[in-house]
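Small disclaimer: the values here were computed from a predicted structure and weren't measured. Letters go in sequence order (proteins before strands), and every chain restarts at 1.
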2 protein chains.
Amino acid sequence: MAAKATEQNPVPSVWARARPTSDQPSLSRTTIVREAIVMLDAEGIEALSMRKLGARLNAGAASLYRHVATKDELLELAVDEVAAELHVPSAGSGDWRTAVTEAARSFRAAALRHPWLPSVLGQVGLVYLGPHLMSFSERLAGLFVEAGLAEPSGAMDTVLSYVIGMSTTEAAWLSTVSRSGASEADFVARLLPAAQETAAGPGLPAGPREDITAAAADPAALREQKFAYGLEVVLDGLALRLNG
Amino acid sequence: MAAKATEQNPVPSVWARARPTSDQPSLSRTTIVREAIVMLDAEGIEALSMRKLGARLNAGAASLYRHVATKDELLELAVDEVAAELHVPSAGSGDWRTAVTEAARSFRAAALRHPWLPSVLGQVGLVYLGPHLMSFSERLAGLFVEAGLAEPSGAMDTVLSYVIGMSTTEAAWLSTVSRSGASEADFVARLLPAAQETAAGPGLPAGPREDITAAAADPAALREQKFAYGLEVVLDGLALRLNG
DNA sequence: GTTCGATGCGAACACTGTACGCAGATCGGA
DNA sequence: TCCGATCTGCGTACAGTGTTCGCATCGAAC
């Protein structure tokens with residue numbers, strides 16, 4: 001649009017020429033990645049397209065490819081950028097259990113803030129680790145080394161697998177809920193009859209059913225409690241291996 | 001093509017008219033889902049398109065929509081079809097730990113046979129459960145009820161989260177490896193220098209590095225051992241709650 | 001024999017990720 | 001001061017996607 005103006009207007013004003021095309025500080029890899037994350041958070045992973053992302057940055061789709069090789073690379077960069085939000089306490093500062101718990105909570109919190117993260121992790125994998133993810137896993141492993149566990153890397157993988165699995169499930173659930181437009185409690189209430197119908201017959205003795213009705217009351221609290229319970233289980237299992 | 005022939009050929013032969021368009025038993029929901037799984041297994045999730053799937057069934061893409069509402073629905077059907085491969089022992093037949101272990105191994109095996117499964121689960125979530133997934137989780141929950149655990153549903157979620165997280169990571173890894181064209185051992189060897197470079201500096205005392213070199217020797221065995229270790233940890237943590 | 005619902009499908013629509021090549025800006029050196 | 005070289009933005013195009021529409025064909029029921 002600006003280029004068209006300079007071409008059609010025979011009197012180039014200084015004001016028209018000042019910063020000809022860029023209102024923003026132009027394009028850069030970090031700008032692009034950050035805006036992609038904003039978009040992913042707001043509209044989910046299937047709403048992110050290079051054209052829409054470009055439009056948001058007052059740029060064309062092709063311009064993005066000057067700073068990012070491919071859309072998958074962009075997603076990897078976004079994952080690592082989000083990994084910068086993760087927090088794991090320094091080794092040597094108190095109880096290893098509370099430290100690991102804090103790291104785990106931090107991962108879950110990030111996954112719930114960015115529900116697209118688990119699904120991207122499921123496709124891209126943890127193979128080509130960016131610096132932030134690298135530092136996260138190194139610091140986490142350090143906690144288990146310090147705790148005196150015989151197999152620190154196995155311990156880390158166990159905890160990470162649990163945290164990833166739980167967060168993936170939660171994030172997928174939240175995505176579905178938000179896609180439905182209803183609140184979480186309403187969605188549970190709407191889902192309840194169908195679930196009971198399918199779960200009829202020689203099922204369980206009403207254990208899960210209490211579960212569901214409890215979820216209708218305060219779903220978020222129940223999810224948090226479930227996460228804490230499972231984490232405690234895993235940490236207990238690891239604690240048994242401390243003096244082995 | 002067949003339609004064109006009948007139109008142009010003024011002498012319709014019986015042989016040309018016999019089963020005019022269908023060599024296969026035509027199209028059906030199960031045929032479509034099964035072929036989709038074959039395709040997903042062979043070429044991965046991003047290679048599955050409605051047109052290619054239709055072509056494989058000697059059909060057009062539009063025909064598939066007579067039996068399947070949308071591609072996402074097709075994926076959900078594929079997930080539940082795969083869930084039919086899962087095996088969990090009946091409650092009351094022996095030790096609950098070995099029973100749960102078998103169910104977990106069965107899940108992992110299915111995820112490695114169908115590496116696209118975890119990534120689909122990450123997007124679709126476990127919300128609208130099909131009958132097979134439903135039966136799997138019911139039977140699994142039954143094992144924990146029978147074991148006498150105070151919170152069977154929490155226990156099940158813990159184990160499932162661990163299994164899902166580990167399987168997701170493994171499947172994503174295997175997908176990346178197979179995309180690279182190399183064998184797993186070769187891929188590890190090629191990745192080793194880069195990992196060591198990034199992991200340099202004030203890192204760990206050589207714990208993870210042994211890990212990597214061990215992986216180069218027999219990667220599949222190491223993965224299996226890691227899975228078993230973590231599962232044992234989780235089950236130990238649950239066992240502590242048996243007499244609570 | 002005729003109508004009717006189910007099925008297959010060619011063509012089209014609105015998108016997608018990405019490659020190519022041109023325009024303009026910026027900058028180091030002569 | 002000018003001149004190339006290099007970098008950045010982007011219009012356009014290509015091949016492919018999921019999905020819809022309307023038409024053709026079919027087997028069965030009346």
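Rounded to a whole Å, the NZ atom of B:Lys52 is 9 Å from the C1' atom of D:dG16. Nucleotide C:dG17 holds its C1' atom 12 Å from the CG atom of A:Leu75, rounded to whole Å. Atom pair A:Ile32:CD1 and D:dT8:P shows a separation of 11 Å (rounding to whole Å applied). If you take CD1 of B:Ile45 and C1' of D:dG18, they are 14 Å apart, rounded to a whole angstrom. The interatomic distance linking B:Leu53 (CG) with C:dC9 (P) rounds to 13 Å, in whole Å. Between the CZ atom of B:Arg51 and the C1' atom of C:dC15 there is a distance of 11 Å, given to the nearest Å. Atom pair A:Asn58:CG and D:dT8:C1' shows a separation of 16 Å (rounding to whole Å applied).
For the contact set between residues 36-44 of chain A and DNA chain C, defined by any heavy atom under 4.0 Å, there are no members. Non-hydrogen atoms lying under 4.0 Å from DNA chain D are contributed by A:Arg66, A:His67, all within residues 64-73 of chain A.
At a threshold of 4.0 Å, the pair B:Glu170-B:Lys226 does not count as salt-bridged, since none of the basic side-chain nitrogens sits closer than that to a carboxylate oxygen. Ion pairing of B:Arg29 with B:Glu81 is absent here, as no side-chain N (NZ or NE/NH1/NH2) approaches a carboxylate O to less than 4.0 Å.
Of the residues near DNA chain C, B:Ala59 and A:Leu48, the one whose nearest nucleotide (by heavy atom distance) lies more toward the 5' end is B:Ala59.
Residue pairs that meet the ring-ring contact (aromatic ring centres under 6.0 Å, His included) test with at least one member in residues 34-72 of chain B, sequence neighbours left out, do not exist here. For residues 45-55 of chain B, the set of pairs meeting the side chain to side chain donor-acceptor pair (under 3.5 Å) definition, not counting sequence neighbours, is empty.
Taking the six-membered ring where the residue is Trp, A:Trp173 and A:Phe187 present perpendicular rings, their angle passing 60° and hence far from 30°.
Of the candidates C:dC9, C:dT18, D:dT19, D:dT19 carries the atom nearest the B:Met50 side chain, counting heavy atoms from C-beta on. Among C:dG10, C:dT18, D:dG9, the nucleotide with an atom closest to any side-chain atom of A:Ser63 is D:dG9. The nucleotide whose nearest atom lies closest to any side-chain atom of B:Leu27 is, among C:dA11, C:dG8, C:dT16, C:dG8.
A side-chain donor from one of B:His87 and B:Glu102 sits under 3.5 Å from a side-chain acceptor of the other.
B:Phe227 is linked by a ring pair (Phe, Tyr, Trp, His ring centres under 6.0 Å) to B:Tyr162, counting only residues two or more places apart in sequence or in another chain. In this view, A:Leu75 and A:Leu40, A:Leu48, A:Asp72, A:Val120 satisfy the side-chain contact (heavy atoms from CB on, under 4.5 Å) rule, not counting sequence neighbours.
The line from CG of B:Leu27 to CD of B:Glu35 is 10.5 Å long, rounded to the nearest 0.5 Å.
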